[in-house]
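Labels below follow one simple rule: chain letters A, B, ... track the order of the sequence lines, proteins then strands, and each chain is numbered from 1.
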Number of protein chains: 2
Amino acid sequence: METRELRYFVAVAEELHFGRAADRLGIAQPPLSRTIAQLEHRLGVALLTRTSRKVSLTDAGAVLLAEGTAILGAIAAAERRTRSVDRPSLVLAAKAGGSNELLAKLLDAYAAEPGAVAVDLLLCEAHTRQPLLDGRADVAILHEPYDSTAGLDVEALRTESQFAILSTSHPLAGAAQLRMADVIDLPELARWPEPDGTYLPGPGVEVHNLTQLFQMIALGRAIAVMPEVVRTGLLEGLTAIPVVDAPKVTTAIAWPSHSRSRAVADLVRVATEVSSPGPG
Amino acid sequence: METRELRYFVAVAEELHFGRAADRLGIAQPPLSRTIAQLEHRLGVALLTRTSRKVSLTDAGAVLLAEGTAILGAIAAAERRTRSVDRPSLVLAAKAGGSNELLAKLLDAYAAEPGAVAVDLLLCEAHTRQPLLDGRADVAILHEPYDSTAGLDVEALRTESQFAILSTSHPLAGAAQLRMADVIDLPELARWPEPDGTYLPGPGVEVHNLTQLFQMIALGRAIAVMPEVVRTGLLEGLTAIPVVDAPKVTTAIAWPSHSRSRAVADLVRVATEVSSPGPG
DNA sequence: CGCTATCGATACCGGCCGGGTATCGCTGCC
DNA sequence: GGCAGCGATACCCGGCCGGTATCGATAGCG
């Protein structure tokens with residue numbers, strides 16, 4: 001199976017439309033049809049069912065789509081990592097607006113290490129997992145269970161309970177504490193994008209970063225349940241109320257499991273030291 | 001980067017010889033040289049340093065070799081899994097001769113499940129990780145910390161302490177218990193292959209499966225430190241003595257982290273049920 | 001019920017690229 | 001210094017990839 005075939009198949013499987021997929025790939029539609037047919041022939045399985053009006057995935061196609069996107073990400077990652085060997089530097093992916101205090105401590109402590117390399121920050125709107133998988137980042141700060149850690153090596157840094165963030169004018173703003181049942185069905189509960197960038201259907205506002213979320217909350221248009229850490233530096237007019245039965249959120253540092261980089265190992269070690277209780 | 005380029009590069013990087021690599025790939029040497037040069041040009045990095053007498057890897061080449069073999073394995077896995085979607089069956093990799101009792105219970109219990117599919121057993125000489133990565137197996141039984149679980153999802157099944165296995169005529173055979181310091185430097189300590197099939201240098205006998213190991217031990221040519229489970233059905237003339245400070249060994253069931261197979265999920269659940277304490 | 005727009009498949013053609021053979025240039029060795 | 005081994009280069013050929021033109025099927029519509 002060639003990379004080209006995989007790229008073409010993934011494009012069609014995502015678009016479910018040969019014309020649009022060909023467009024996205026920058027080629028004409030006939031060679032695309034032919035390549036997919038060849039791939040199916042060689043695998044001996046139908047990947048797509050097509051009528052002249054509709055294209056859909058078979059079970060086998062769904063499997064190949066899942067594995068194929070992972071493989072294409074791994075290839076992109078391999079290229080980037082291979083290219084950047086000679087200029088040692090580290091890209092750390094983190095969520096914009098989140099965990100800033102931990103991040104600052106980590107960067108300071110790592111910079112003081114002997115043999116520290118330059119650390120570039122990749123601030124992501126939401127998910128830090130994708131850049132890790134496709135090689136745009138070497139290490140990522142993420143939050144379980146919100147972010148999936150499948151296929152990554154992970155070191156937990158700290159665990160926090162969660163708070164409801166809401167406008168001080170919200171009816172629930174006076175409560176001393178809340179339970180998930182109090183908030184889970186509220187129509188103003190903000191919705192985050194899924195890893196693929198789409199939103200699950202629902203009533204709440206669609207937000208794609210923390211700044212936007214906080215503005216929405218301040219305007220009384222949204223509420224959210226978030227880890228304790230975002231309380232620091234909360235906007236005027238917002239309040240945080242503990243949600244006692246919300247699942248604990250673990251802030252963790254993650255890296256590709258086959259990473260052999262000295263710099264990554266150092267950064268992870270510093271991260272655990274910085275976040276562990278005790279002096280330092 | 002195309003799969004073909006990656007295959008070619010990995011062949012050269014492993015052989016460190018263009019002629020042999022071309023031979024292994026079934027092509028002539030000139031197109032191989034040309035393809036590698038193109039790859040280097042496109043990546044903008046030297047992957048190999050060649051004199052007319054010797055080929056060696058650059059740092060960048062070492063990175064690409066590591067990532068490339070993983071990618072090629074993933075591609076092979078994707079093909080196999082895609083092909084076998086329509087004929088649901090499951091391949092379980094296990095070490096030949098190890099954990100047989102657990103294995104039997106697992107297979108029996110799973111077969112009794114509603115919706116169980118056929119389970120094929122892949123009995124490996126040593127490492128069950130590789131067949132999992134390259135798609136020859138869907139699930140594997142492995143032992144931490146002996147086997148690396150990087151990139152896999154793992155469910156621990158049971159944890160055991162370790163025993164020294166030795167001939168009854170061995171000088172240490174009479175001891176009630178041992179410590180690692182008693183055995184670690186013994187010249188007859190058997191050596192297992194690394195994941196790549198090679199052996200680390202050392203004095204001990206090179207063994208590649210349990211049967212062979214036990215024969216060597218019975219002959220007084222070797223000793224080994226192994227999990228408790230191998231005591232059941234120990235050969236005549238062998239004895240097992242607890243090594244009190246040896247690291248605990250965890251038997252675990254592992255599967256590729258992006259697996260979405262119902263059958264795998266069922267098998268893992270049954271495995272945890274079968275191995276958990278209590279009735280059943 | 002037929003016209004039409006849409007969409008994937010097919011037919012066919014041209015250029016590029018991947019693979020082959022022949023050969024060169026370099027290097028270590030007897 | 002002759003020779004053998006090895007990778008690079010030169011050059012040719014055929015197949016495959018991508019393009020245009022067109023077909024066949026189907027859903028929507030009046």
Treating primed atoms plus P, OP1 and OP2 as sugar-phosphate and everything else as base, which nucleotides of nucleotides 12-19 of chain D get B, S or - for protein heavy atoms under 4.0 Å? -----BBB
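- Of the residues in residues 54-69 of chain A, none has a non-hydrogen atom less than 4.0 angstrom from any atom of DNA chain D.
- Under the rule for a salt bridge (Lys or Arg N to Asp or Glu O under 4.0 Å), the partners of Glu15(A) that lie at least two apart in sequence or sit in another chain are Arg20(A), Arg24(A).
- With sequence neighbours excluded, no residue forms a salt bridge (Lys or Arg N to Asp or Glu O under 4.0 Å) with Glu188(A).
- Applying the side-chain hydrogen bond (donor to acceptor under 3.5 Å, both in side chains) criterion to Arg53(A), with sequence neighbours excluded, gives no partner residue.
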Tabulated below should be each protein N or O lying under 3.5 Å from an N or O of nucleotides 24-26 of chain C; please produce it.
unit_1, atom_1, unit_2, atom_2, d
dC26(C), O2, Ser52(B), OG, 3.2

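- Remark: P of dA8(D) and NE2 of His17(B) are 12 Å apart, rounded to the nearest angstrom.
- Counting to the nearest Å, the C1' atom of dG8(C) and the CZ atom of Arg20(A) are 13 Å from each other.
- The salt bridge (Lys or Arg N to Asp or Glu O under 4.0 Å) contacts involving residues 56-75 of chain A comprise Glu67(A)-Arg81(B), where partners must be two or more places apart or lie in separate chains.
- Residues meeting the side-chain hydrogen bond (donor to acceptor under 3.5 Å, both in side chains) test with Gln38(B), sequence neighbours left out: none.
- Asp23(B) has its CG atom 11 Å from the P atom of dG20(C), to the nearest Å.
- Atom CD1 of Ile36(B) is separated from atom C1' of dG19(C) by 15 Å (rounded to the nearest Å).
- Residues meeting the side-chain contact (heavy atoms from CB on, under 4.5 Å) test with Ala74(B), sequence neighbours left out: Ile71(A).
- Under a 3.5 Å cut-off, the side chain of Thr35(B) and the backbone N or O of Glu5(B) do not form any donor-acceptor pair.
- Judged as a side-chain hydrogen bond (donor to acceptor under 3.5 Å, both in side chains), and not counting sequence neighbours, Thr149(A) has no contacts.
- Between Ser33(A) and dG8(C), a side-chain N or O to OP1/OP2 separation shorter than 4.0 Å is absent.
- With sequence neighbours excluded, the residues satisfying side-chain hydrogen bond (donor to acceptor under 3.5 Å, both in side chains) with Arg50(A) are Glu40(A).
- Applying the salt bridge (Lys or Arg N to Asp or Glu O under 4.0 Å) rule to Asp153(A) yields no partners; only residues at least two apart in sequence or on another chain are considered.
- Atom pair Leu16(B):CG and dG5(D):C1' shows a separation of 16 Å (rounding to whole Å applied).
- For Glu15(B) and dC6(D), the CD to P distance is 12 Å, given to the nearest whole Å.
- Counted within 6.0 Å of CZ on Arg269(A), heavy atoms from surrounding residues, nucleotides or ligands total more than 12; the atom is thus considered enclosed.
- Atom-to-atom, CG of Leu32(A) to P of dT10(C) comes out at 14 Å; the value is rounded to the nearest Å.
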